[in-house]
Amino acid sequence: MALSLSPYGVGAVINLGALKSQVNFSPKRSLACKRSKIVVYNQGRKEIANTSSAIEKPLTKEDLIAFFASGCKPKEMWRIGTENEKLGFEVKTLCPMKYEQVAALLSGIAERFEWDKVMENDKIIGLKQGMQSISLEPGGQLELSGAPLKTLHQTCDELHSHLYQVKTVAEELEIGFLGIGYEPKSSLEDATIVPKRKFDFVREYLARASSSGPDVMMRTCTVQVNLDYSSETDMIRKFRASLALQPMATALFANSPFSNGKPTGCLSFRSHLYIDTDKARTGMLPFVFDDSFGFERYVEYALDLPMYFLHRNKSYLNCRGMTFRDFLSGKISHLSNEQPTINDWEIHLGTIWPEVRLKRFLEMRGADGGPWPMLCALPAFWVGLLYDEKSLQTVLDMIVDWNLEEREMLRIQVPITGLKTMFRGGPLKDVAEDVLKLAMDGLERRGYNETGFLNPIVEVVKTGVTPANKLLDLYNGEWGQNIDHVFEELRY
């Protein structure tokens, strides 16, 4: 689910005056963005502090727009930031890890590999090393948030090092980690409860918002990539291209066909669950394809979503469903004594989960967690499409006449039928072949010898057989419909 803050802005306290000074506002729809010179004080994975005293003037909508505009970077500064989550289990019982076990794992990694511990109320909740962080999701999923890196070789090396460190310590504790998109065997009641107070607010809200919300929080895993933009116009183009193609990524990386020990009827049960999870915060965001879309339109969208919590003086305040718009306007409430800060805004943005999410970068959110070659393939797929101008423009030309109904159909149907989903008279596999070639060509033109990272999905597109299809074949064949075998098949 990736509720935690991104590695691009972890623990950042933003100097709002510096932010505003680096953005040229004009009445035109497109903003002119300069290289950001935001002052950042690196606080590791510690929660963002209340910086109200540092704000000379009340926060305005203009400040919120400036937040997104401050993410603009020239192409030579574009980087690749990856995030991946994995499920921990006891090797002997195949039950989910207890918090005490994951705490021992984090302490072991910290001591052996020189990571700094992140604590909350004397309990370890994460690790920090340079620009990398390891955090816990609500159900104990272990997440690596990688550093912003220049090449796919660097991101894959970072991932390989992380998995080595985790495995080294985990084996001594007789626990393992699974590369899959959804907990395949245990029930929701068996899930680990991570002692992070902010998760309590999210859990309570999602339990009221939808029946699938708790499952999404506690039992799902994704692999994501964060990519930069050079301007508002560049953001719009990349957002539209990636959002339209996000169901294709769901199909290519589908890897969550099981729940409670049996097939679900879906190839990506994780993605399927999101369809009915707090619909205001999730989905395909139709307004992204409107002519009026830009930084301001995304601000308008986020302003009208209820806030979960505020963080003040090492404690959390329940927002009780107040929208950020009401908070910003000073509406009389139990929060009337609190002044909105730009860090409140950044936290609020992290509680929105559409298929593509805008922060000071774009976050691709449509893929299931999986084995490590697929974890390297996901950023390769999107870098090839979005960081190469020719491939990006070809994608935009391809999707220009895809209508709202078609995009929504793909979002709903792909988690069930994957690449076999029928689209415009043929299977989605046919479109995937064209898109994969664009990704390959885009990586080739980058000149870093990165095309090999796409090999795992070359085979998927060639055969039409997704990782989930392979798991189902094993389950119905040599596994004898015994789900326990998946823990050996997909263990890192």
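Asp401 has a carboxylate O that lies under 4.0 Å from a charged side-chain N of Arg424, or vice versa, which qualifies the two as a salt bridge. With respect to Asp434 and Lys437, no salt bridge is recorded, no charged nitrogen being found less than 4.0 Å from a carboxylate O. Ion pair Lys462/Glu433 not flagged as a salt bridge, since none of the NZ, NE, NH1 or NH2 atoms sits closer than 4.0 Å to an Asp/Glu carboxylate oxygen. Checked for salt-bridge contact, Arg270 and Glu85 miss the test: no charged N lies under 4.0 Å from a carboxylate O. Look at Asp484 and Lys185 and you find a salt bridge, because one of the NZ, NE, NH1 or NH2 atoms lies within 4.0 Å of a carboxylate O, short of that distance. Residues Arg360 and Glu346 are paired through a salt bridge, judged by an N-O separation under 4.0 Å between the basic side chain and the carboxylate.
Ring geometry for Tyr229 against Phe295 counts as tilted: the plane angle lies between 30° and 60°, on a 0 to 90° scale. Relative ring orientation between Phe293 and Phe287 is described as tilted, the plane-to-plane angle lying within the 30° to 60° band. By the 30° and 60° cut-offs, the orientation of the rings of Tyr475 relative to Phe258 is tilted.
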Evaluate Phe324 against Trp345 for ring-ring contact (aromatic ring centres under 6.0 Å, His included), listing each step before the verdict. CA-CA 8 Å; Phe324 206 98; Trp345 177 243; 5.0 Å; yes
Run the salt bridge (charged side-chain N to carboxylate O under 4.0 Å, His left out) test on Glu143 and Lys86 for me, step by step, so that the C-alpha distance in whole Å, both residues' side-chain angles and the decisive distance to 0.1 Å come before the verdict. CA-CA 7 Å; Glu143 178 180 3; Lys86 45 215 157 284; over 6 Å; no
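Under the 3.5 Å distance criterion, the side-chain polar atoms of Gln141 are matched with a main-chain donor or acceptor of Thr220. The closest donor-acceptor contact from the side chain of Ser133 to the backbone of Gln129 lies at 3.5 Å or more, if one exists at all. Of the possible donor and acceptor atoms, one in the side chain of Arg219 sits under 3.5 Å from a partner among the backbone N and O of Ser186.
Using modelled atom types, one finds no donor on one side chain facing an acceptor on the other under 3.5 Å when comparing Arg411 with Thr250. A side-chain donor-acceptor contact under 3.5 Å links Asn469 and Thr466.
When ring centroids are compared, Trp372 and Tyr492 stay outside the 6.0 Å threshold.
With Pro456 as the partner, the side-chain contact (heavy atoms from CB on, under 4.5 Å) test is satisfied by one option alone out of Pro467, Pro373, Cys376: Pro373.
Annotation: disulfide (SG to SG under 2.5 Å) contacts involving residues 233-277, sequence neighbours excluded, are absent.
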